[in-house]
Amino acid sequence: PLPPSFSSTRLRMAERENEIHARHNGTSQIPIQPPPLIGSSRRRRGIIPRPRSPPEPAAVGAALVAPWLPPPPARSIRDLIIMGESKWMGKRWEEMDTDVLVKIFKELNLVELSPVSQVCRLWRLACSDPLIWGTLDFGLLKSNFIQTRASPYIWVDDRSDKRLAKILRVAMAISRGNVNCMIFHYNLYMKDEHLHYISQRSPNLKRLVMPAWNRISRAGICQAIERWGELESLTMPTIGHPPYIMEGLANSCKNFKELKIMGSFDLLFASAVTTYLPKLKVLSLRCSKVTMGALQCVLNSLEHLEVLNISHCLLFEMATNGRRQVIHELDNKALERASRLREFHHCQSRQCVACQRMMLDEGILRWYRYEDWFWRRDEVRSLDLKDYGRLFGAQCEMLTSVD
């Protein structure tokens, strides 16, 4: 017979615990035995009191079960997770600090930010933070086009226009006007409606790298410049009649100070710059075809100019016989006037790879022939575009590509 304290209920509980351990550990359990009955006949008669020490544990290899203690309450994984979150996290995802969310969302691209911004109001506010949208780099976004002989000398696939409109719509909706710098590829051919949409929803733009002009009208660019009152820097390809753009910049952008030309820079262009932008501080003509008359006009008239870059330019002047004469070295007069500048970058070496490319392309560089990053570089630090941004990287460009 069992002692009075060793009830049948506890014995069944102990046996159940052994079965559970055996199922998980794959070991055979030794049945729990009651404590030895020393002097049982005398104990029945009440002569020897029952020992108060606990019984010996099971043999080695068996689970250590203490039938005299109640089993711990079983908890599921879900209960443990909830306990951990309530004890250590303290906040739910929708209650996290905005600064923490911004640091996380900075690692996402445009395609990934679109659904994230629709989770809740706090996440949408974090997705539109200026730290994420300071620079919107569309340098990998190009159009599917074919060159033609009739104006505008380009034909663009309709799917490319729809793709561009969709991407701009998503970007402008999430950014909420917090874009300060916008970069476009030179082979992106947008329309007036695209430029109009951008200027309406990014009025605080301070730097713009323009795409190709072919399908942008004079009224379209002038209307956009009027909205960009805080514009300070513009990178633009060559345009046939530049005075109206320089005049628009002078009238609307009072803090404008940086200009980069990619293409051809003649005396007409130089006269427009010196007339309407006399306070210009930075001018880059890198990899452009520049006449000596235009260069002399810039050095003589722009009194506030601090930085000038004519690296890898094809400098030439017209000889008396009407033929073009390439200049490989600047004369002392030009170097003397350039010495007053804080920075003057120039390279017309025949051993330079970039200068050799300019000679082969006869002054109008075919950017598509060379590295993808080549058009983004500039010796002036403030105009160099560096690497492609995260918002529209290679993965994002692939996800939004047109089949």
Side-chain angles (χ1 to χ4, degrees), residues 73 75-141 163-185 188 194 197-209 227-233 235 255 258 372-373 376 381-401:
R75 300 186 184 276
S76 64
I77 296 178
R78 180 176 180 274
D79 295 335
L80 294 176
I81 293 175
I82 294 175
M83 289 177 58
E85 288 181 349
S86 61
K87 184 175 180 180
W88 302 109
M89 294 180 62
K91 292 184 179 180
R92 295 179 294 180
W93 273 96
E94 60 268 22
E95 297 175 351
M96 291 184 66
D97 295 336
T98 305
D99 296 340
V100 177
L101 291 174
V102 170
K103 291 182 179 180
I104 298 174
F105 296 160
K106 281 180 67 177
E107 304 300 319
L108 305 180
N109 58 38
L110 182 61
V111 175
E112 297 166 337
L113 277 176
S114 180
V116 170
S117 64
Q118 302 176 21
V119 172
C120 61
R121 292 183 179 180
L122 179 63
W123 285 30
R124 184 171 182 83
L125 180 64
C127 286
S128 61
D129 193 273
L131 293 177
I132 300 177
W133 295 95
T135 299
L136 183 54
D137 191 345
F138 287 126
L140 292 174
L141 186 59
R163 176 198 184 195
L164 176 59
K166 183 178 180 180
I167 293 174
L168 290 177
R169 185 165 58 250
V170 173
M172 296 298 102
I174 302 176
S175 63
R176 293 186 175 185
N178 288 321
V179 180
N180 293 325
C181 174
M182 196 170 294
I183 302 171
F184 294 101
H185 195 272
L188 179 67
H194 299 138
Y197 187 83
I198 294 170
S199 62
Q200 275 190 328
R201 286 159 178 78
S202 298
N204 301 321
L205 202 64
K206 293 185 178 181
R207 183 182 182 186
L208 176 64
V209 178
R227 294 193 181 99
W228 290 323
E230 299 181 12
L231 191 66
E232 299 177 359
S233 176
T235 299
N255 298 324
E258 292 184 349
D372 291 338
W373 50 263
R376 300 172 63 90
R381 184 177 302 178
S382 60
L383 293 175
D384 187 81
L385 299 180
K386 302 179 177 63
D387 297 330
Y388 293 99
R390 183 181 294 275
L391 273 175
F392 200 83
Q395 181 183 6
C396 191
E397 195 276 337
M398 182 179 59
L399 292 174
T400 59
S401 61

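All figures in this text were calculated on a predicted structure; none of them were measured in a lab.
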May I ask you to decide if [Y]'s main-chain N or O and [X]'s side chain share a donor-acceptor pair within less than 3.5 Å?
X	Y	result
N109	E112	yes
S114	V111	no
N255	E230	no
R207	S233	no
E107	I104	no

Measuring only between side-chain heavy atoms, which start at C-beta, is [X] closer than 4.5 Å to [Y]?
X	Y	answer
L205	N180	no
V119	R124	no
V170	L110	yes
Y197	M172	yes
V102	I132	yes
N204	V179	no
I198	L168	yes

Heavy-atom pair with the smallest gap, counting every atom of R376 and G139: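 In terms of heavy atoms, the two residues are closest at NH1-CA, 3.9 Å.
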Verdict with supporting geometry, F184 and L141, side-chain contact (heavy atoms from CB on, under 4.5 Å): CA-CA 7 Å; F184 294 101; L141 186 59; 5.7 Å; no
Quick one: [atom1] on [X] to [atom2] on [Y], what's the gap to the nearest 0.5 Å?
X	Y	atom1	atom2	value
L140	F392	CG	CZ	7.0 Å
L136	S175	CG	OG	7.0 Å
H194	I167	NE2	CD1	10.5 Å
W228	S199	CH2	OG	5.5 Å
F138	H185	CZ	NE2	14.0 Å
T98	L122	OG1	CG	5.0 Å

Steps toward side-chain contact (heavy atoms from CB on, under 4.5 Å) verdict (K206, C181): CA-CA 6 Å; K206 293 185 178 181; C181 174; over 6 Å; no
Steps toward side-chain contact (heavy atoms from CB on, under 4.5 Å) verdict (I183, L385): CA-CA 9 Å; I183 302 171; L385 299 180; 3.8 Å; yes
Pair K386 + D137: basic N to acidic O under 4.0 Å: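 D137 and K386: not salt-bridged.
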Counterpart residues, side chain to side chain contact (heavy atoms under 4.5 Å, CB included), relative to C127 (two or more places apart):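 With neighbours one apart ignored, the set is F105, L113, V116, S117, I174.
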Check against side-chain contact (heavy atoms from CB on, under 4.5 Å), Q200 and R227: CA-CA 7 Å; Q200 275 190 328; R227 294 193 181 99; 3.9 Å; yes
